[in-house]
Participant: 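Please read through the structure below; I'll follow up with questions.
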Amino acid sequence: MYPNTSLLIGGKWTDAANGATLPVMNPATELEIGRVAHASKEDLDQALEHVASAFAVWRKTTARERARLLHAAADNLRARVEAIAPILTMEQGKPLAEARSELTNASDVIRWFAEEGIRAYGRLIPPRNPDTYQMVVKEPVGPVAAFTPWNYPVAQAIRKMSAALAAGCTVILKAAEEAPASCAAMVKAFTDAGFPDGAINLVYGNPGEISEYLIPHPTIRKVSFTGSTPVGKQLTALAGQHMKRVTMELGGHAPAIVCADADPESSVSMLAAHKFHNAGQVCIAPTRLLVEEPAFDGFVEGFVTAAKSVEVGDGLLPQTQMGPLANARRIDAMERLIGDAVDKGGKLLTGGRRIGNKGNFFEPTVLTDVPPSAAIMNEEPFGPVAVINRFRGLDEAVAEANRLSFGLAAYAFTRSQRTAALLAAEVETGMISINEYGLAYPEVPFNGVKDSGYGSEGGTEALETYQNIKFVSQTHR
Ligand code: NAD
């Protein structure tokens, strides 16, 4: 039932030139379920040739025709949700319901960028001479190298591909080796829609070798990466040496500030749902839950009850609410971070251990009163562990929220309009959602500040990251 994954180069699905493959494991069973082709330099050279020749065609394709093809890809993807969702669950671990919603949301992302591409207007600037036109024209930046991770194998890739293609760019996508087949099935929805050969190329292999080869290559004009901050900094430095445009969607460590006047039920239920979604392997997951002293005990009690009620199991089972962690590295990281937090004086209220000895299952975990010196207060946990600390006064909450070099997402809960406005202004973050969980829709910007990266992955801002600005001045004589 689980397919092996090929490379897509110049419109052809193919094995690696040297026949190399990597294993794909099911994180719920730790069994090998398939293989993924491992690209060599020869394959990358082919992909570079095709992405360049396709760009010559695609950049001249009208925005309306690009939109027609993007809508056809969205239709294909939507029609295949039930077929692709189990593949995504088997390779990544998430429950089937989350896999389905990742795929349906992906088709919405395609549609949004399809329409926005039609509206990529330029500008006329009033001239200094009545016979002159001064025009600002938007052009596609060129072939893109995109690198996407394993936590949302489809969603991470679709944001980059849809925006790039809508803008008139062509793409070499280096997707996640650990969860390759759902992404390949998503890409097939595009090739079946009739995109020109080479407009989308899909490769897997050694991430470091591929990025080192593609980023400096003269064909590539833009780099887009989603992953950890250390890798993002390394790739940005390399791109800088070759003056390539970059979008970096990197790590987060989201503060969630719960004020004493917040609605106690909705703050608990929203934060618990989003903490354990995708087993916490989400860059915008709430991580440091900062609760104002008078509300602390009630919030903790409600949150622990919610954590204990999460049904953990194989994502293919209908009752499962949280699947296994996507790889064994995350189990090691959870054990290290929780052990360190407890050693430093934090209280472990529930969870804290791996479940069983087969599959990467981990208990939904709640820690409280963790000192800022603990590793988990400084390092992105990327797993199902919530830290709940108390604060007295908004200044203390804002200082803690801004203490880290991350600045991706933040959350706040309060009934006071004045407090909401203050937090929206003072928290150093790319996105803040107040009294709701309203991030990551296709039409809104998705971006970080500080070490969380730069360049948006949503909204019109995302399309602009794939466009060059050209100024044209023309006088009629
Ligand atoms: P990692 O940092 O090695 O890898 C993260 C991603 O970057 C993977 O998809 C990997 O293939 C890719 N990558 C790594 N080195 C690369 C290189 N030189 N060139 C191109 N791509 C490269 O480690 P990991 O164990 O997979 O994840 C660890 C941490 O990464 C997580 O704890 C989390 O903080 C972060 N992460 C963030 C996101 C996100 O959505 N922002 C997604 C996955 C991982």
Participant: Does any donor atom in the side chain of Glu249 or Asn447 lie under 3.5 Å from an acceptor atom in the other side chain?
Facilitator: no

Participant: Say you draw a straight line from CD of Glu396 to CG of Leu394; how long is it, rounded to the nearest 0.5 Å?
Facilitator: 10.5 Å

Participant: If you measure from the Lys or Arg side-chain nitrogens to the Asp or Glu carboxylate oxygens, is any gap between Glu457 and Lys160 under 4.0 Å?
Facilitator: yes

Participant: If you round to the nearest 0.5 Å, how far is CG of Asn206 from NZ of Lys174?
Facilitator: 8.5 Å

Participant: Within a reach of under 6.0 Å around CD of Gln319, are more than 12 heavy atoms found that belong to other residues, nucleotides or ligands?
Facilitator: yes

Participant: Mind running side-chain contact (heavy atoms from CB on, under 4.5 Å) on Lys308 and Val366 for me, showing each step along the way?
Facilitator: CA-CA 10 Å; Lys308 284 182 170 164; Val366 180; over 6 Å; no

Participant: Given Phe147, which of Val231, Ile210, Thr226 fulfils the side-chain contact (heavy atoms from CB on, under 4.5 Å) condition?
Facilitator: Ile210

Participant: Starting at CG of Asn105, measure out to CD1 of Ile110 and round the result to the nearest 0.5 Å.
Facilitator: 11.5 Å

Participant: Let me confirm one number: the CG-OG distance from Asn435 to Ser267, rounded to the nearest 0.5 Å.
Facilitator: 9.0 Å

Participant: Please answer whether the main-chain N or O of Asp314 pairs with a side-chain N or O of Thr320 as donor and acceptor at a distance below 3.5 Å.
Facilitator: yes

Participant: Side chains of Glu380 and Thr287 only: does a donor on one sit below 3.5 Å from an acceptor on the other?
Facilitator: no

Participant: Dump the intermediate steps for side-chain contact (heavy atoms from CB on, under 4.5 Å) on Val187 and Leu173, then the final yes or no.
Facilitator: CA-CA 10 Å; Val187 168; Leu173 171 63; 4.3 Å; yes

Participant: Using the side-chain contact (heavy atoms from CB on, under 4.5 Å) definition, which of the options Thr368, Val370, Leu367, Asp369 pairs with Ile388?
Facilitator: Thr368

Participant: Sub-3.5 Å donor-acceptor pair from the side chain of Asn278 to the main-chain atoms of Asn151, do we have one?
Facilitator: yes

Participant: What are the two closest heavy atoms between Gly430 and Val449, and how far apart are they?
Facilitator: N-CG2, 4.0 Å

Participant: Of the non-hydrogen atoms in Ala176 and Pro149, which two are nearest, and what is the gap between them?
Facilitator: CB-C, 3.5 Å

Participant: Ion pair present between Arg100 and Glu82, side-chain N to carboxylate O less than 4.0 angstrom?
Facilitator: yes

Participant: May I ask you to say whether Glu102 pairs ionically with Lys94, meaning some side-chain N is under 4.0 Å from a carboxylate O?
Facilitator: yes

Participant: Go through it in stages, so that I can follow the logic: the residues are Cys259 and Ile257, the test is side-chain contact (heavy atoms from CB on, under 4.5 Å), and I'd like the CA-CA distance, side-chain angles, deciding distance and then a yes or no.
Facilitator: CA-CA 6 Å; Cys259 298; Ile257 298 171; 4.2 Å; yes

Participant: Output side-chain donor-acceptor pairs under 3.5 Å for residues 437-446, partner residues at least two apart or in another chain, one line each.
Facilitator:
| from | atom 1 | to | atom 2 | distance (Å) |
| --- | --- | --- | --- | --- |
| Tyr437 | OH | Ile284 | O | 3.4 |
| Tyr437 | OH | Tyr411 | OH | 3.0 |

Participant: Would you please indicate if the ring centroids of Trp150 and Phe382 are separated by under 6.0 Å?
Facilitator: yes

Participant: If you take all heavy atoms of Pro324 and Gly313, which pair is closest and at what distance?
Facilitator: CD-O, 3.8 Å

Participant: Can you check whether Val258 reaches Leu271 side chain to side chain, under 4.5 Å on heavy atoms?
Facilitator: yes

Participant: Can you tell if the side chain of Val24 reaches within under 4.5 Å of the side chain of Pro180, non-hydrogen atoms only?
Facilitator: yes

Participant: Using side-chain heavy atoms (C-beta onward) and a distance below 4.5 Å, is Leu103 in contact with Leu77?
Facilitator: yes

Participant: Within the side chain of Gln92, is there an N or O that forms a donor-acceptor pair under 3.5 Å with the backbone of Ala326?
Facilitator: no

Participant: Taking Gln321 for the side chain and Glu311 for the main chain, is one N or O donor matched with an acceptor at less than 3.5 Å?
Facilitator: yes

Participant: Can you tell me if Arg245 and Asn468 form a side-chain donor-acceptor pair at under 3.5 Å?
Facilitator: yes

Participant: Can you find a pair of side-chain heavy atoms, one from Tyr454 and one from Thr236, that are under 4.5 Å apart?
Facilitator: yes

Participant: Would you check if Leu238 and Ser211 make a side-chain contact, meaning some heavy-atom pair closer than 4.5 Å?
Facilitator: no

Participant: Within the side chain of Lys358, is there an N or O that forms a donor-acceptor pair under 3.5 Å with the backbone of Glu30?
Facilitator: no

Participant: Considering only residues two or more places apart or on different chains, which pairs with a residue in residues 226-237 satisfy salt bridge (Lys or Arg N to Asp or Glu O under 4.0 Å)?
Facilitator: Lys233-Asp451

Participant: So, applying side-chain contact (heavy atoms from CB on, under 4.5 Å) with Phe225, which one of Gln156, Gln234, Met248 is it?
Facilitator: Met248

Participant: Do Arg390 and Glu292 meet the salt-bridge criterion of a basic N to acidic O distance under 4.0 Å?
Facilitator: no

Participant: Quick one: do the Thr414 and Asp261 side chains pair a donor with an acceptor below 3.5 Å?
Facilitator: yes

Participant: As an exercise, state the distance from CG of Asp75 to CZ of Arg111, rounded to the nearest 0.5 Å.
Facilitator: 4.5 Å

Participant: With a 4.0 Å cut-off, would you call Arg336 and Glu379 a salt bridge?
Facilitator: yes

Participant: Cut-off 3.5 Å, side chains only: do Asn378 and Arg403 have a donor facing an acceptor?
Facilitator: yes

Participant: Can you measure from OG1 (Thr89) to CG (Leu96) and round to the nearest 0.5 angstrom?
Facilitator: 4.0 Å

Participant: Determine whether a donor-acceptor pair (N or O, by modelled atom type, separation under 3.5 Å) exists between the side chain of Asn76 and the backbone of Ala189.
Facilitator: yes

Participant: Are Met1 and Met90 close enough, and set up right, to give a side-chain contact (heavy atoms from CB on, under 4.5 Å), and what steps lead you there?
Facilitator: CA-CA 10 Å; Met1 188 177 169; Met90 277 189 275; 4.2 Å; yes

Participant: For Gly280 versus Ala285, what's the shortest heavy-atom pair and its separation?
Facilitator: O-CB, 4.2 Å

Participant: Within 45° of the six-membered ring axis of Tyr121 and under 6.0 Å from that ring's centre, is NZ or CZ of Lys138 located there?
Facilitator: no

Participant: Could you tell me whether Asn357 atom CG has more than 12 heavy atoms of other residues or ligands within 6.0 Å of it?
Facilitator: no

Participant: Would you check if the side chain of Lys275 reaches a backbone N or O of Val385 as a donor-acceptor pair within less than 3.5 Å?
Facilitator: yes

Participant: Within 45° of the six-membered ring axis of Phe362 and under 6.0 Å from that ring's centre, is NZ or CZ of Arg354 located there?
Facilitator: no

Participant: Before accepting this row, confirm whether a basic side-chain N of the pair Glu400/Arg288 lies closer than 4.0 Å to the acidic partner's carboxylate O.
Facilitator: yes

Participant: Verify the distance criterion only: is there a donor paired with an acceptor across the side chains of His71 and Glu115 at less than 3.5 Å?
Facilitator: yes

Participant: Do Glu177 side-chain atoms and Gly205 backbone N/O form a donor-acceptor pair below 3.5 Å?
Facilitator: yes

Participant: For the residue pair Phe303 and Phe299, categorise the inter-ring angle as parallel (less than 30°), tilted (30 to 60°) or perpendicular (more than 60°).
Facilitator: parallel

Participant: Within the side chain of Thr229, is there an N or O that forms a donor-acceptor pair under 3.5 Å with the backbone of Leu250?
Facilitator: no

Participant: Heavy atoms, side chains only, cut-off 4.5 Å: are Val246 and Leu235 in contact?
Facilitator: no

Participant: Are side-chain heavy atoms of Thr365 and Thr350 found at a separation under 4.5 Å?
Facilitator: no

Participant: Return yes if some donor-acceptor pair links the side-chain N/O of His253 with the main-chain N/O of Ile376 below 3.5 Å, else return no.
Facilitator: yes

